[in-house]
Amino acid sequence: MTTAQRVVAQGLKNVYCAMANAQGLERLFAPGELDGVVIFFPDPWIKKARQAKNRLVNPAFAASLTKVLRPGGMVWFKTDQELYFTEASQAFDDAGLIRTGEETAPLLAQDFTSAFELRFKAQGLPTRVYRDWE
């Protein structure tokens with residue numbers, strides 16, 4: 001079942017699904033329009049070194065996030081790739097997102113597990129979680 005199908009099945013009225021390239025956030029959303037962004041297990045592009053340029057989370061994407069997030073908005077990022085986690089964390093830092101060190105939203109107090117995360121856990125692979133950014 002797709003996200004859009006789950007939204008309809010649950011009768012949610014505060015969710016919008018868009019099939020779009022996330023690199024175009026600033027064309028989809030007005031400045032300060034988003035309360036938060038959840039990024040779970042984006043493709044890390046690790047098979048060949050030259051693929052890293054295709055990663056979603058990079059300095060340009062992090063800078064776009066700072067424009068479309070409301071003041072105090074949050075970013076929640078999960079990956080199983082340590083290098084990607086380190087580079088994404090640095091991109092968030094450099095973009096001026098501030099790690100609060102404590103959970104700032106009820107959403108973050110919950111533990112959401114994606115299908116990818118279940119697969120990785122079944123293989124004994126660690127997950128890196130980056131959240132509480134605003």
Side-chain angles (χ1 to χ4, degrees):
M1 183 178 278
T2 68
T3 298
Q5 290 168 328
R6 285 192 297 272
V7 167
V8 170
Q10 294 179 27
L12 301 176
K13 303 295 181 200
N14 64 342
V15 178
Y16 180 80
C17 296
M19 290 290 285
N21 185 327
Q23 294 290 349
L25 277 179
E26 293 177 74
R27 288 175 289 200
L28 289 171
F29 302 102
E33 185 174 359
L34 298 180
D35 291 328
V37 174
V38 177
I39 307 166
F40 285 176
F41 300 94
D43 193 333
W45 292 95
I46 58 168
K47 292 186 176 133
K48 297 177 183 171
R50 70 178 185 270
Q51 291 178 326
K53 70 178 186 277
N54 297 322
R55 290 182 179 151
L56 170 64
V57 180
N58 58 37
F61 180 75
S64 288
L65 279 178
T66 64
K67 295 175 184 172
V68 298
L69 283 171
R70 68 165 171 76
M74 65 90 188
V75 176
W76 187 358
F77 176 75
K78 284 187 180 185
T79 183
D80 66 316
Q81 297 294 319
E82 187 170 1
L83 179 61
Y84 191 14
F85 178 80
T86 300
E87 290 175 357
S89 299
Q90 187 64 54
F92 294 143
D93 284 344
D94 292 347
L97 296 168
I98 301 167
R99 186 163 175 105
T100 63
E102 59 188 55
E103 294 173 351
T104 58
L107 172 70
L108 299 177
Q110 301 176 45
D111 185 26
F112 293 97
T113 306
S114 70
F116 283 108
E117 189 170 5
L118 289 173
R119 259 189 253 157
F120 298 138
K121 284 183 177 183
Q123 295 173 34
L125 298 173
T127 298
R128 283 133 185 105
V129 180
Y130 196 80
R131 59 183 173 188
D132 303 335
W133 283 88
E134 63 176 19

Measuring from [X]:[atom1] to [Y]:[atom2], what's the distance to the nearest 0.5 Å?
X     : Y     : atom1 : atom2 : value
Leu28 : Gln23 : CG    : CD    : 11.5 Å
Leu65 : Ile39 : CG    : CD1   : 5.5 Å
Met74 : Leu34 : CE    : CG    : 10.0 Å
Leu12 : Arg6  : CG    : CZ    : 10.5 Å

How would you list, by chain and number, every residue that makes a ring pair (Phe, Tyr, Trp, His ring centres under 6.0 Å) with Phe61, sequence neighbours excluded?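 Testing Phe61 for ring pair (Phe, Tyr, Trp, His ring centres under 6.0 Å), a comparison that skips the adjacent residues, returns none.
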When you measure from the side chain of Tyr84 to the backbone N and O of Val57, does any donor-acceptor pair fall under 3.5 Å?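 Between the backbone of Val57 and the side chain of Tyr84 there is a qualifying donor-acceptor contact (under 3.5 Å).
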Just by modelled atom types, is the Glu87 backbone N or O under 3.5 Å from a matching donor or acceptor in the Gln90 side chain?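 No, Gln90 side chain to Glu87 backbone: no donor-acceptor pair under 3.5 Å.
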Smallest separation among heavy atoms of Ala91 and Ala62, with atom names: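 What the structure gives for the nearest pair is O-CB, 3.5 Å.
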At their closest point, which heavy atom of Thr66 faces which heavy atom of Ala95, and how far apart are they?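 Between these two residues, the closest heavy atoms are CG2-O, 3.3 Å.
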On the ring face of Phe40, is Lys78 found with NZ or CZ under 6.0 Å from the centre and within 45° of the axis?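 Yes, a cation-pi geometry holds between Lys78 and Phe40.
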Transitive ILVMFWY side-chain link Val38 to Phe41, under 4.5 Å: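 Yes, because Val38 and Phe41 connect within a single hydrophobic cluster, where side-chain heavy atoms sit under 4.5 Å apart.
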Look at the rings of Phe85 and Phe77 and say which category their plane angle falls in: under 30° parallel, 30 to 60° tilted, over 60° perpendicular.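 Geometry flag for Phe77 against Phe85: parallel rings.
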Listing request: all side-chain hydrogen bond (donor to acceptor under 3.5 Å, both in side chains) pairs with a residue in residues 27-43, at least two apart in sequence or in separate chains.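 Every pair satisfying side-chain hydrogen bond (donor to acceptor under 3.5 Å, both in side chains) with a residue in residues 27-43: Asp35-Arg70.
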Can you check whether Cys17 reaches Val7 side chain to side chain, under 4.5 Å on heavy atoms?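 Yes, their side chains come closer than 4.5 Å.
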Using the test side-chain hydrogen bond (donor to acceptor under 3.5 Å, both in side chains), find all partners of Gln81 that sit at least two apart in sequence or belong to another chain.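 Checked Gln81 against side-chain hydrogen bond (donor to acceptor under 3.5 Å, both in side chains); zero matches.
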Output the rest of the hydrophobic cluster of Val8: all Ile, Leu, Val, Met, Phe, Trp and Tyr residues reachable through side-chain heavy-atom contacts under 4.5 Å, sorted by chain and number.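 Reading the cluster by chain and number, Val8 sits alone, since nothing else belongs.
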Among Ile, Leu, Val, Met, Phe, Trp and Tyr joined by side-chain contacts under 4.5 Å, find the other residues sharing a cluster with Tyr16 and list them by chain and number.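 Hydrophobic cluster check, Tyr16: no partners found.
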Just to verify, what does Glu26 make a side chain to side chain contact (heavy atoms under 4.5 Å, CB included) with, not counting sequence neighbours?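 Per chain and number, Glu26 pairs via side chain to side chain contact (heavy atoms under 4.5 Å, CB included) with Ser64, Lys67, Val68.
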